[in-house]
*Asks:* 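Structure provided below as structure tokens; questions to follow.
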Amino acid sequence: MNYLLFPEKKLEQPQLYNSVDLEEMWHNEARELAHQPQPETIDAKLKEIKAKYPEVSLFWVDGEERTRLQLPKQANLPANWSTEDAISYMKTASNNNTFGVVAFISEKTDEPGGEGFMVLRISREYLRRGSSPDASFYGFFMFCMLVIFILLSYLFFRNIRKRLLNLESGMTRTNKNGLPVRIAQGRADEIGRLEQAFNHMVDKLELGKQREQEEEKLRKNLINNLSHDLRTPLTVLSGHIYTLEKEPLSSEAHESLRLMKTKMNDLDHLIDHLLSYNLLSSGRYAMSLKQQDVLRIVRVSAAAWYPIWEKSELEVDIELPEEPLIWEVDEQAFRRVLDNLFQNLHRYASSGKYVGISTVLRNGQLALLIADHGPGFDAPTPSKGAGLGLTIVDLMMKQMKLMLEIDSSSEGTKIYIYPASRIS
């Protein structure tokens with residue numbers, strides 16, 4: 001049996017009600033009407049409620065189970081109610097679309113009896129935005145919990161971020177030795193253990209750096225002491241060789257003395273290289289960089305080596321322009337570089353019987369070119385050393401901000417020298 005009939009006309013802006021308030025009001029009215037059960041009194045009360053709540057549908061059934069006043073008129077309501085009708089209607093009074101309240105007209109409105117019952121029904125669209133005090137409190141409580149959660153999360157992650165930034169700062173900051181600095185340790189959690197491991201690593205690095213500096217200091221002192229100690233016996237041996245050369249000796253003996261003198265000169269050059277390398281690597285090699293005509297320095301140095309090249313029957317090809325080539329160099333250091341390169345050329349590339357000195361364009365700049373027709377750097381040479389001379393050349397070139405490029409093959413070697421940047 002379908003009893004869900006409501007007025008078709010709805011207000012354009014419906015009044016919204018609270019379901020709890022409506023239910024409480026309906027039961028209170030039923031309880032009050034139990035003291036004045038006259039039909040006229042009940043009808044008047046229902047009409048008063050209908051005027052106050054125009055969106056509701058009302059009717060009541062008297063004690064003899066007859067349908068009385070209906071506001072508005074509702075079809076399919078039985079004129080006389082049986083027990084089955086009452087039970088069936090009460091089951092469908094409230095559903096998904098309608099909110100219904102059934103109240104018995106008696107002092108105890110939740111129990112049958114008295115002067116019948118009365119029914120209030122209203123569409124749930126008039127209750128959709130209504131909220132009870134419990135719902136409002138629940139919403140406010142959930143909002144407060146959300147705010148507290150966001151605040152605690154912000155404080156938690158801000159603390160983590162602060163500690164991670166502190167760790168990052170410690171990793172990027174360095175001390176005078178170029179090592180990371182220690183950081184302040186926080187709580188003993190995962191980040192705290194990471195901070196502790198980082199400080200442990202810094203301690204190990206500092207200890208290793210200290211040992212490296214001590215070993216470097218010992219090495220430099222050893223080189224200085226050995227260099228000075230070796231010069232004394234070399235001087236004595238040179239004096240004895242000079243004396244023996246004046247004596248009447250066989251040709252084999254003179255050849256032996258010549259070889260001894262050559263090796264002593266090589267040893268003397270090696271000592272010079274060791275001292276120079278020691279000074280350069282420790283930053284104590286004093287240089288005075290000035291604007292110099294490097295072609296003049298090249299001519300002077302080549303003139304000093306010319307007799308040696310001529311004696312070795314090398315073809316000397318020097319083609320340098322008359323215009324000066326101005327670079328910012330230290331004259332003594334630059335001559336030292338040239339002497340090392342010329343000495344290597346004479347020692348390892350004299351078999352090519354050629355030495356060429358000229359200027360060419362290299363990477364957009366005018367460069368000095370030193371060329372030979374020797375076997376190249378990769379060729380096996382019995383007298384080849386450890387390359388200390390080229391290491392010293394490289395260190396000197398870096399201090400003078402010059403570039404050194406070597407192009408070597410079996411057909412010869414070309415060495416290019418030019419400034420690392422253009423001179424304005």
Side-chain angles (χ1 to χ4, degrees), residues 1-140:
M1 184 181 295
N2 186 7
Y3 301 105
L4 306 180
L5 298 177
F6 297 95
E8 296 181 359
K9 186 177 181 180
K10 299 179 181 178
L11 297 176
E12 295 182 358
Q13 295 181 348
Q15 177 69 34
L16 302 178
Y17 304 105
N18 187 299
S19 59
V20 175
D21 294 341
L22 285 177
E23 184 176 6
E24 184 179 358
M25 177 276 296
W26 194 243
H27 283 292
N28 289 337
E29 296 294 343
R31 190 180 299 110
E32 292 294 330
L33 291 173
H35 301 289
Q36 297 178 346
Q38 293 82 4
E40 296 80 7
T41 305
I42 296 175
D43 289 347
K45 176 55 70 174
L46 291 184
K47 290 178 181 179
E48 180 183 343
I49 295 173
K50 177 62 177 177
K52 186 175 181 180
Y53 302 97
E55 293 84 3
V56 301
S57 299
L58 309 173
F59 72 91
W60 71 286
V61 178
D62 61 15
E64 296 179 0
E65 299 181 347
R66 294 178 301 177
T67 300
R68 303 299 296 261
L69 179 65
Q70 302 178 46
L71 298 174
K73 185 69 176 178
Q74 303 177 39
N76 299 327
L77 287 180
N80 294 293
W81 292 70
S82 64
T83 303
E84 291 79 5
D85 293 338
I87 293 174
S88 177
Y89 185 83
M90 290 178 184
K91 288 181 179 180
T92 59
S94 291
N95 53 45
N96 292 334
N97 299 321
T98 307
F99 174 75
V101 184
V102 178
F104 292 98
I105 305 174
S106 66
E107 294 183 359
K108 295 182 180 180
T109 56
D110 57 346
E111 293 182 3
E115 300 298 326
F117 63 91
M118 57 188 199
V119 179
L120 177 148
R121 300 188 72 190
I122 185 171
S123 176
R124 289 189 181 273
E125 66 177 298
Y126 300 108
L127 307 176
R128 192 164 296 159
R129 291 181 293 173
S131 60
S132 63
D134 291 339
S136 300
F137 175 77
Y138 178 75
F140 178 74

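Both backbone and side-chain heavy atoms feed into the values below; hydrogens, waters and symmetry mates do not. We number each residue from 1, following the sequence as shown.
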*Asks:* Decide yes or no for Gln74 and Thr67: does some side-chain heavy atom of the first lie under 4.5 Å from some side-chain heavy atom of the second?
*Replies:* no

*Asks:* Less than 4.5 Å apart, any side-chain heavy atom of Met118 and any of Glu29?
*Replies:* yes

*Asks:* Distance check, rounded to the nearest 0.5 Å: Ile122 atom CD1 versus Leu127 atom CG?
*Replies:* 5.0 Å

*Asks:* Please step through ring-ring contact (aromatic ring centres under 6.0 Å, His included) for the pair Tyr89 and Phe59, ending with a clear verdict.
*Replies:* CA-CA 13 Å; Tyr89 185 83; Phe59 72 91; 5.5 Å; yes

*Asks:* Distance from Glu55 atom CD to Lys50 atom NZ, nearest 0.5 Å?
*Replies:* 7.5 Å

*Asks:* Nearest heavy-atom pair of Ser82 and Glu65: which atoms, and what distance?
*Replies:* CA-OE1, 4.4 Å

*Asks:* First locate atom CD of Glu125, then atom OG1 of Thr98, and finally report the distance between them rounded to the nearest 0.5 Å.
*Replies:* 9.5 Å

*Asks:* Determine whether Leu22 and Val101 make a side-chain contact, defined as any pair of heavy atoms from C-beta on separated by less than 4.5 Å.
*Replies:* no

*Asks:* At what distance, to the nearest 0.5 angstrom, does CH2 of Trp81 lie from CZ of Phe117?
*Replies:* 5.0 Å

*Asks:* Any chance the rings of Tyr53 and Tyr126 have centres within less than 6.0 Å?
*Replies:* no

*Asks:* Please name the pair of heavy atoms, one in Arg121 and one in Asn95, separated by the smallest distance, quoted to 0.1 Å.
*Replies:* NH2-ND2, 3.9 Å

*Asks:* Flag the pair Lys47 / Leu71 as yes when at least one side-chain heavy-atom distance between them is below 4.5 Å, and no otherwise.
*Replies:* yes

*Asks:* Measure the spacing between CG of Leu46 and CG of Leu33 and express it to the nearest 0.5 Å.
*Replies:* 7.0 Å

*Asks:* CG of Asn28 to CD of Glu23: how many Å apart, nearest 0.5 Å?
*Replies:* 10.5 Å

*Asks:* Has the side chain of Trp60 got a donor or acceptor atom that lies under 3.5 Å from a matching backbone atom of Pro39?
*Replies:* no

*Asks:* Using every non-hydrogen atom in the two residues, find where Met90 and Phe104 come nearest and quote the distance to one decimal.
*Replies:* CE-CZ, 3.6 Å

